[in-house]
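Just so it is clear, the model here is predicted, and its values are computed rather than measured.
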Amino acid sequence: METLLFVLKIIGFILLGLLCLEILWLLFFNCAALCASKKKEYEKDSKFYRFLLNRMTQHIFRIARIKVHVTGEELLPKDTRFCLVCNHRSKFDPISTWLAFRKYNLSFISKPENFSIPWFGRIIKRCLFMGINRENPRLALPTIEKSIRLLQKQEVSIAVYPEGTRSKDMKLHEFHNAIFKIPQRANVPLVVMTCQGAELIHKNFPFHHSDVYLDVLKIYSPEEINQLKTCEIGEQVTALMLEKLGE
């Protein structure tokens with residue numbers, strides 16, 4: 001009996017220690033996030049904030065039992081930044097993508113509301129994520145210009161959803177083809193990818209695990225996309241995604 005009580009005490013101390021470490025990590029994350037300005041426009045990616053973003057994402061995915069499966073990663077450019085486009089069904093799509101491709105330092109073009117998320121909004125802004133006005137093309141132009149500039153400087157790779165918003169019916173919706181000007185003007189490869197499974201995470205948690213599938217379908221070289229109109233790129237990318245998604 002004394003041995004059992006001793007073992008239970010040890011287990012209790014271990015659990016308490018883990019809880020204290022968890023609290024300290026969260027406090028550290030929150031304090032670091034507050035040091036990132038919500039108003040400043042950053043031009044340099046931060047290794048420190050990238051580390052925080054990736055570690056916190058890994059932690060959340062581990063707790064939620066989310067596993068990301070990737071095919072075609074070997075196709076990704078190794079010696080240059082790129083622009084990645086993908087279908088969009090879930091708020092977990094970008095999270096799954098930046099975690100799976102963390103060594104490529106992806107910065108997403110996102111809706112402005114995401115930068116109001118406590119702590120995370122500041123962290124992603126410091127990692128050069130950019131908000132875009134989806135209603136007014138003129139007001140969206142500064143974001144497009146900044147994306148091109150960051151790619152030209154080889155600062156980060158850029159990820160964007162051509163549909164402009166999440167698909168509620170799981171169908172692939174019409175593209176905003178103007179976003180294909182980004183890889184054209186930056187003279188970088190265009191990566192075409194699909195994401196499936198992330199839309200089930202909110203239904204599966206907390207009782208079931210979730211599988212997210214990221215499939216890199218094709219890489220367009222700068223020479224290829226510069227020979228095409230943006231509408232032609234949009235048609236080809238749509239066809240690739242539809243075939244993979246089975247629509």
Side-chain angles (χ1 to χ4, degrees), residues 33 36-46 49-50 53 57 81-99 101 104-168 171-195 198-199 214 220 225 229-231 233-235 237-238 241:
S37 172
K38 294 177 67 175
K39 298 181 179 180
K40 184 177 179 180
E41 285 298 321
Y42 294 98
E43 294 285 339
K44 294 287 291 182
D45 195 24
S46 168
Y49 283 97
R50 283 279 174 186
L53 180 65
T57 306
R81 299 297 186 182
F82 54 84
C83 180
L84 181 146
V85 294
C86 184
N87 66 303
H88 193 20
R89 295 177 174 179
S90 165
K91 63 182 68 176
F92 288 98
D93 291 345
I95 303 174
S96 302
T97 304
W98 81 56
L99 179 61
F101 298 140
Y104 298 97
N105 290 6
L106 287 173
S107 292
F108 282 77
I109 294 178
S110 176
K111 62 181 181 181
E113 292 86 348
N114 287 338
F115 296 90
S116 299
I117 299 173
W119 305 300
F120 260 108
R122 293 174 179 263
I123 295 288
I124 61 175
K125 186 173 181 63
R126 190 61 190 85
C127 294
L128 302 184
F129 286 44
M130 293 161 281
I132 190 167
N133 189 309
R134 296 178 292 181
E135 307 300 328
N136 189 325
R138 182 181 298 177
L139 295 178
L141 187 59
T143 299
I144 301 299
E145 295 290 346
K146 183 176 181 179
S147 301
I148 295 167
R149 186 167 66 250
L150 291 174
L151 284 168
Q152 289 174 334
K153 295 194 306 182
Q154 295 287 299
E155 189 65 31
V156 291
S157 290
I158 299 296
V160 59
Y161 295 108
E163 294 167 277
T165 187
R166 283 185 291 135
S167 171
K168 302 296 196 309
K171 300 290 185 181
L172 189 68
H173 290 199
E174 186 177 354
F175 285 177
H176 298 277
N177 290 324
I179 64 96
F180 295 114
K181 284 289 184 183
I182 296 174
Q184 280 185 331
R185 290 182 54 191
N187 200 38
V188 297
L190 173 67
V191 175
V192 181
M193 187 185 81
T194 55
C195 179
E199 67 275 8
L214 304 179
Y220 285 87
I225 58 173
K229 297 178 180 178
T230 55
C231 61
I233 300 172
E235 290 173 359
V237 171
T238 298
M241 290 187 182

Next on the checklist: Surrounding NZ of K229 (heavy atoms of other residues, nucleotides or ligands, distance under 6.0 Å), is the total greater than 12?
Outcome noted: no
Next on the checklist: Give me each pair satisfying ring-ring contact (aromatic ring centres under 6.0 Å, His included) with a member in residues 125-155, each pair once, sequence neighbours excluded.
Outcome noted: W98-F129, F108-F129
Item to check | Pairs meeting criterion ring-ring contact (aromatic ring centres under 6.0 Å, His included) with involvement of residues 133-155, two or more places apart | outcome: none
Next on the checklist: Let me confirm one number: the CD-OG1 distance from E235 to T230, rounded to the nearest 0.5 Å.
Outcome noted: 10.0 Å
Next on the checklist: Can you give me the closest heavy-atom contact between C86 and E163, atom names plus distance?
Outcome noted: O-OE1, 4.5 Å
Item to check | Worked verdict on R81 versus K153 for side-chain contact (heavy atoms from CB on, under 4.5 Å) | outcome: CA-CA 9 Å; R81 299 297 186 182; K153 295 194 306 182; over 6 Å; no
Checklist entry - Can you name the side chain to side chain contact (heavy atoms under 4.5 Å, CB included) partners of E155, sequence neighbours left out? => result K44, D45, L128, L150
Checklist entry - In Å, rounded to the nearest 0.5 Å, how long is the span from OG1 of T143 to CG of N133? => result 8.5 Å
Item to check | Contact check, side chains of L84 and F101, non-hydrogen atoms, under 4.5 Å | outcome: yes
Checklist entry - Is any side-chain heavy atom of T238 closer than 4.5 Å to a side-chain heavy atom of F175? => result yes
Next on the checklist: Within the 4.5 Å heavy-atom criterion, are C83 and V160 side-chain neighbours or not?
Outcome noted: yes
Checklist entry - Minimum heavy-atom separation for A186 to Q152, with atom names? => result CA-CG, 3.9 Å
Checklist entry - Can you check whether H88 reaches P94 side chain to side chain, under 4.5 Å on heavy atoms? => result yes
Item to check | Shortest non-hydrogen contact from H173 toward S167 | outcome: NE2-OG, 3.5 Å
Item to check | Heavy-atom closest pair, residues K125 and K38 | outcome: CE-O, 3.1 Å
Checklist entry - Is there a side-chain contact (heavy atoms from CB on, under 4.5 Å) between I179 and Y161 once you walk through the steps? => result CA-CA 9 Å; I179 64 96; Y161 295 108; over 6 Å; no
Item to check | Heavy-atom closest contact (I182 atom, L151 atom, distance) | outcome: CG2-CD1, 3.5 Å
Next on the checklist: When you compare the side chains of R50 and S107, does any donor N or O come within less than 3.5 Å of an acceptor on the partner?
Outcome noted: yes
Checklist entry - Say you draw a straight line from SG of C127 to CG of N105; how long is it, rounded to the nearest 0.5 Å? => result 8.0 Å
Checklist outcome for this item: Hits for side chain to side chain contact (heavy atoms under 4.5 Å, CB included) against T165, two or more places apart or cross-chain, chain-then-number order -> R134
Checklist entry - Going by heavy atoms in the side chains, are L53 and I124 under 4.5 Å from each other? => result yes
Next on the checklist: A side-chain contact here means heavy atoms from C-beta on lying under 4.5 Å apart; do L99 and I95 qualify?
Outcome noted: no
Item to check | Considering all heavy atoms, the nearest N87-C195 contact | outcome: OD1-N, 2.7 Å
Next on the checklist: Once side-chain hydrogen bond (donor to acceptor under 3.5 Å, both in side chains) is applied, what residue pairs with a partner in residues 179-191 remain, sequence neighbours excluded?
Outcome noted: E145-R185, N187-N226
Checklist outcome for this item: The reported gap from OH in Y104 to OG in S157 (rounded to nearest 0.5 angstrom) is 9.0 Å
Checklist entry - So, do E43 and K146 sit near enough that their side-chain heavy atoms are less than 4.5 Å apart? => result yes
Checklist entry - Got N177 and I233 here, is their nearest side-chain heavy-atom distance under 4.5 Å? => result no
Give every donor-acceptor pair under 3.5 Å between a side-chain atom in residues 109-116 and any protein atom, sequence neighbours left out.
unit_1: S110; atom_1: OG; unit_2: N114; atom_2: ND2; d: 2.5

Item to check | Intermediate values then yes/no, side-chain contact (heavy atoms from CB on, under 4.5 Å), V192 and Y220 | outcome: CA-CA 8 Å; V192 181; Y220 285 87; 3.9 Å; yes
Item to check | Carboxylate-amine/guanidinium contact E199 R166, below 4.0 Å | outcome: no
